[in-house]
Amino acid sequence: MANRFLRPHLIHRFSTLSPVGPPATVVPEILSFDKPKPDVDLDLSDQARLFASVPLSDLVRSTAVLHATAIGPMVDLGSWVMSSRLMDATITRDLVLRFVKGTFYDHFCAGEDAAAAARRVKSVYESRGLKGMLVYGVEHAEDGEECNNNIKKFIETVEAAKTLPTSHLSSVVIKITAICPMSLLKRVSDLLRWQYKNPSFKLPWKVHSFPVFSGSSPLYHTTSEPEPLSVEEEQELEKAHERIKSICIRCQESNVPLLIDAEDTILQPAIDYMAYWSAIMFNSDKSRPIVYNTIQAYLKDAGERLHLAVRESEKMNVPIGFKLVRGAYMSSEAKLADSLGYKSPVHDTIQETHACYNECMSFLMEKASNGSGIAVILATHNTDSGKLGARKASELGINKENGKIEFAQLYGMSDALSLGLKRAGFNVSKYMPYGPVETAVPYLIRRAYENRGMMSTGALDRQLMRMELKRRIMAG
């Protein structure tokens, strides 16, 4: 089943991740929930006001979790335990999962079921003014039965979202890898790549979509002509299409945006293809697209593919939303490319990734500001990108409340940036996965490795939380 423990090759994949963005540095600024400042400066350092709504018990746990993930050997040990034979024994498995639930899980996840997650979204909005992006935390499916079980959970997510005021919720998130078998996504990606190399190559099952490749896209995954999809594979692909349609219909009826997450380049062509035909079918309201695709700015072809997709959407007069991220699969991408004798599809330097992200951000914000039907969620933990986006919005005179532009960070990470952007008047959301503890293990391992090391993504929050704990102790 899709919620079983990590297979060894997945543990290795997640344990080699490296953080994409540099840590932010603390500057002497002041944050308040009271009156938004008229300018776009982000105030990130008055920890007393920043964490005023956080109970002492939560603050202690969050501080402990973020400091624990900063210790590299501890993260490595935790990753080893989760993939070891210790998890085969009921007693040790229960002990480990109980510890994980009370620490890392409660810090990074919203609850074990949709109702609990909805309550957490409500609590976070009412205490901090931050919206929620609800996602059932299953990662992958290997067969149709797993896909059918997962789509039921995603539909439950939409139903839970409907119980919340529209002001509390940003969107619902799905992974195509959880509702279409992984092997089939790889086959579809191979066939799409081969057709891009050979335009006369026919794909009878293909429906109209936006471009998913550019001239600089990596095509080395497919070195020879793939076999056509079998009758059984075409039937399974049609079932995957129906699953996607079923959740799109529910999101459209409920006016809840649907975000489609990204994956490795070996699978991404099929995911982009499905995301874009879904947008063509279900995005009709220019003021609020339903379907959003994800662009990973750490890929060298990200900017070109983004421009091609936007150009086609404008040509077809189809609104489209994008979630812009840096990316999370740097090591696995480099390893696969190297094994095939090619350079990594990821930018050679972190500076190039930052530049690509900021260029894509500016492009999308300009499009969103001119009534073109483009909406964007700027998902970043990088303070410089947050400040640049805030300044760009001011320059363009963007209406911060119309939902066309939004910032987002992961739940349990970059709270200082989230609250600073919120105080500057922007819509800000937290990506909030939920599900059984064992289902969330792959996600938790990624979060641990992103916070690994003293100069990681969580450095700013660790410093501010430590300062606030010291202040409360001294005051007490």
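Across all non-hydrogen atoms, the minimal contact from L308 to F213 is CD1-O, 3.4 Å. Contact detail for G303 and C356: the closest heavy-atom pair is N-SG, 4.3 Å. Minimum interatomic distance between L237 and L184 (heavy atoms only, all atoms of both residues): N-CD2, 3.5 Å. Heavy-atom minimum distance, A390 versus F407: N-CZ, 4.0 Å. S217 approaches D301 most closely through the heavy-atom pair OG-OD2, 2.6 Å. Closest approach of A160 and A118 over heavy atoms only: O-CB, 4.2 Å.
In this structure K430 satisfies the salt bridge (charged side-chain N to carboxylate O under 4.0 Å, His left out) test together with D415, sequence neighbours excluded. Listed by chain and number, the residues in a side-chain hydrogen bond (donor to acceptor under 3.5 Å, both in side chains) with S189 amount to none (sequence neighbours excluded). Among residues two or more places apart in sequence or in another chain, the side-chain hydrogen bond (donor to acceptor under 3.5 Å, both in side chains) test is passed with E236 by R243. For the salt bridge (charged side-chain N to carboxylate O under 4.0 Å, His left out) test, no residue two or more places apart in sequence or in another chain qualifies with K197. Partners of S429 according to the side-chain hydrogen bond (donor to acceptor under 3.5 Å, both in side chains) rule, which considers only residues two or more places apart in sequence or in another chain, are S170, E406. Contacts of S313 classified as side-chain hydrogen bond (donor to acceptor under 3.5 Å, both in side chains), with partners at least two apart in sequence or in another chain: none. Every residue was checked against the salt bridge (charged side-chain N to carboxylate O under 4.0 Å, His left out) condition with E333, not counting sequence neighbours, and none meets it.
Residues K300 and P345 are not in side-chain contact: their nearest non-hydrogen atoms beyond the backbone lie 4.5 Å or more apart. Between V135 and I174 the shortest side-chain heavy-atom distance does not fall below 4.5 Å. Looking only at side-chain heavy atoms (C-beta outward), K101 and E112 come within less than 4.5 Å of each other. The side-chain heavy atoms of D261 and I271, taken from C-beta on, include no pair separated by under 4.5 Å. Side-chain contact check for L164 versus Y125: every heavy-atom pair is 4.5 Å or farther apart. Proximity of F154 to V138: side-chain heavy atoms (C-beta onward) are separated by under 4.5 Å at one or more points. Side-chain contact check for I290 versus N255: some heavy-atom pair is nearer than 4.5 Å. Two residues are said to be in side-chain contact when any heavy atoms from C-beta on lie closer than 4.5 Å; I280 and V291 fail this criterion.
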Mind running side chain to side chain contact (heavy atoms under 4.5 Å, CB included) on N382 and L417 for me, showing each step along the way?
CA-CA 8 Å; N382 183 275; L417 178 58; over 6 Å; no
Please report the C-alpha distance between D190 and R193 in whole Å, then the side-chain angles of each, then the deciding distance to 0.1 Å, and finally whether the salt bridge (Lys or Arg N to Asp or Glu O under 4.0 Å) criterion is met.
CA-CA 5 Å; D190 280 335; R193 272 189 290 266; 3.0 Å; yes
Decide yes or no on side chain to side chain contact (heavy atoms under 4.5 Å, CB included) for F108 and V65, but give the supporting numbers first.
CA-CA 10 Å; F108 291 115; V65 167; 3.9 Å; yes
I'd like to know whether R326 forms a side chain to side chain contact (heavy atoms under 4.5 Å, CB included) with T380, so could you lay out the CA-CA distance, the side-chain angles of the two residues, the decisive distance to 0.1 Å, and finally the verdict.
CA-CA 7 Å; R326 278 173 169 77; T380 181; 3.0 Å; yes
Candidate pair K387 and R391, rule side chain to side chain contact (heavy atoms under 4.5 Å, CB included), full reasoning:
CA-CA 6 Å; K387 290 181 177 180; R391 287 197 300 270; 3.8 Å; yes
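When atom types are taken as modelled, the side chain of Y105 and the backbone of L444 share no donor-acceptor pair closer than 3.5 angstrom. A distance-only check finds a donor-acceptor pair linking the side chain of T294 to the backbone of I260 [under 3.5 Å].
By the 4.0 Å N-to-carboxylate-O rule, K245 lies close enough to E242 to be salt-bridged with it.
The structure places CG of L169 at 5.5 Å from CG of L134, a figure rounded to the nearest 0.5 Å. F426 CZ to I398 CD1: the interatomic distance, rounded to the nearest 0.5 Å, is 7.5 Å. If you take CD on Q296 and NZ on K323, they are separated by 9.0 Å, rounding to the nearest 0.5 Å. Summarising the geometry, atom CG belonging to D461 is positioned 8.0 Å from atom OG belonging to S418; distances are rounded to the nearest 0.5 Å. In this structure, L378 CG and Q409 CD are separated by 9.5 Å, a value rounded to the nearest 0.5 Å. A distance of 11.5 Å separates NE2 in H168 from CG in L130, rounded to the nearest 0.5 Å.
The salt bridge (Lys or Arg N to Asp or Glu O under 4.0 Å) pairs that include a residue from residues 220-235 are R187-E233, where partners are two or more places apart or lie in different chains. Listed by first and then second residue, the salt bridge (Lys or Arg N to Asp or Glu O under 4.0 Å) pairs involving residues 203-216 amount to none (not counting sequence neighbours). For the ring pair (Phe, Tyr, Trp, His ring centres under 6.0 Å) condition, no pair includes a residue of residues 169-189, sequence neighbours left out. Under the side chain to side chain donor-acceptor pair (under 3.5 Å) criterion, the residue pairs touching residues 356-373 are E314-K367, N358-S385, E366-K392, N370-S372, with sequence neighbours excluded. Among residue pairs with one or both ends in residues 268-278, those qualifying as side chain to side chain donor-acceptor pair (under 3.5 Å) are Q268-D272, D272-N293, D272-R305, Y276-N293; sequence neighbours excluded.
The closest side-chain donor-acceptor pair between Y136 and T439, if any, does not fall under 3.5 angstrom. S332 and D264 share a donor-acceptor pair across their side chains, judged by distance under 3.5 Å alone. A donor-acceptor pair shorter than 3.5 Å can be found between the side chains of R120 and Y411. Judged purely by distance below 3.5 Å, without hydrogens or angles, the side chains of S214 and E304 pair a donor atom with an acceptor atom.
Shown here is F201, whose CZ atom has more than 12 heavy atoms of other residues, nucleotides or ligands within 6.0 Å. Residue K153 qualifies as open at atom NZ: its count of foreign heavy atoms under 6.0 Å is 12 or below.
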